[in-house]
J.: 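This is the structure, below, for whatever I ask next.
Source: prediction; values computed, not measured.
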Amino acid sequence: MSYLKDLQESHDTLKGLVLSLILMPFWYLTIFLINNQFYLDNDFTILVVISFVLSVSSFSLMISTASYIFTKNDDFIGVSIFAISVLLFLKMAQLFIVYSVAFLFGHELYFYTYIVIYFGIILSIFAIAYFQFIKIQKNEVKIDTTKLKKKKKKKKKEKK
């Protein structure tokens, strides 16, 4: 219980690092399923380090994307949970598609190709969110309330 209290009081960077650890078992499973020979040839430590690096890097990309999507939201935990949900959905959907293609057509995908496609999708989402954010920033119209008050006064005078 005290660990959760310490985590709540800690800095956002530490919170993000701990939350990104949720993705590590899924990367470890992906290495086992897609690149089984690499899994069998290497030590447990190397696999954990690769899983850690992939989970932290994908989480940081998705957090930066989510920060463009939720510009007005200051709740880091909520944005982090959204980012993890999107990443887990993306990972499971991509694993399902890879295994379906391998089962139906007998064509297996290399692990490195899997990583490129995975991060390509994340970077595409990031680019779309970034350009939408820029578009919103450019189109933001600041309304001068003095002009509106003058128009209301003119309308009132015309009605009288």
J.: Can you name the side chain to side chain contact (heavy atoms under 4.5 Å, CB included) partners of F103, sequence neighbours left out?
T.: none
J.: Please round to the nearest 0.5 Å and tell me the distance separating atom CD1 of I125 and atom CD1 of I121.
T.: 7.0 Å
J.: Mind checking side chain to side chain contact (heavy atoms under 4.5 Å, CB included) for V116 and listing every partner two or more places apart, or none if nothing turns up?
T.: none
J.: Do I128 and Y130 sit in one hydrophobic cluster, given that two such residues count as connected whenever their side-chain heavy atoms are within less than 4.5 Å of each other, even indirectly?
T.: no
J.: Output all residues satisfying ring pair (Phe, Tyr, Trp, His ring centres under 6.0 Å) with F131, sequence neighbours left out; order by chain, then residue number.
T.: none
J.: Under 4.5 Å between side-chain heavy atoms, hopping through other hydrophobics if needed: is there a path connecting L54 to F89?
T.: no
J.: Answer yes or no: is there a donor N or O on one side and an acceptor on the other, between the side chain of N42 and the main chain of F38, under 3.5 Å?
T.: yes
J.: Once you round to the nearest 0.5 Å, how far does CD1 of I115 lie from OG1 of T30?
T.: 9.0 Å
J.: Going by the rule side chain to side chain contact (heavy atoms under 4.5 Å, CB included), which residues pair with F59 if we only count those two or more places apart in sequence or in a different chain?
T.: L19, S20, L23, I63, S80, A83, I84, L87
J.: Using the test side chain to side chain contact (heavy atoms under 4.5 Å, CB included), find all partners of I97 that sit at least two apart in sequence or belong to another chain.
T.: V101
J.: Can you name the residues that form a ring pair (Phe, Tyr, Trp, His ring centres under 6.0 Å) with Y112, not counting sequence neighbours?
T.: none
J.: Report the residues that fulfil ring pair (Phe, Tyr, Trp, His ring centres under 6.0 Å) with F26, sequence neighbours left out, ordered by chain and then residue number.
T.: none
J.: Of all heavy-atom pairs between L61 and F126, which one has the smallest distance, and what is that distance?
T.: O-CD1, 4.4 Å
J.: Once rounded to the nearest 0.5 Å, what's the spacing between atom OG of S51 and atom CG of L21?
T.: 11.0 Å
J.: Once rounded to the nearest 0.5 Å, what's the spacing between atom CG of L90 and atom OG of S85?
T.: 12.5 Å
J.: Mind checking whether Y110 and L33 sit in one hydrophobic cluster, side chains of I, L, V, M, F, W, Y counted as touching below 4.5 Å?
T.: no
J.: Quick one: sort the Y39 and Y28 rings into parallel, tilted or perpendicular, breaks at 30° and 60°.
T.: perpendicular
J.: For Y118, what residues pass the ring pair (Phe, Tyr, Trp, His ring centres under 6.0 Å) criterion, not counting sequence neighbours?
T.: W27
J.: Working note: Y114 + K91, criterion side chain to side chain contact (heavy atoms under 4.5 Å, CB included); need CA distance, chi angles, decisive distance, verdict.
T.: CA-CA 10 Å; Y114 178 88; K91 177 163 276 315; 3.3 Å; yes
J.: Between L40 and I34, is there shared hydrophobic-cluster membership here, with clusters defined by ILVMFWY side-chain heavy atoms closer than 4.5 Å?
T.: yes
J.: Check the pair F105, S100 against side chain to side chain contact (heavy atoms under 4.5 Å, CB included), reporting the backbone distance first and the verdict last.
T.: CA-CA 8 Å; F105 303 111; S100 298; over 6 Å; no
J.: Would you say L47 and F32 make side-chain contact, with heavy atoms under 4.5 Å?
T.: no
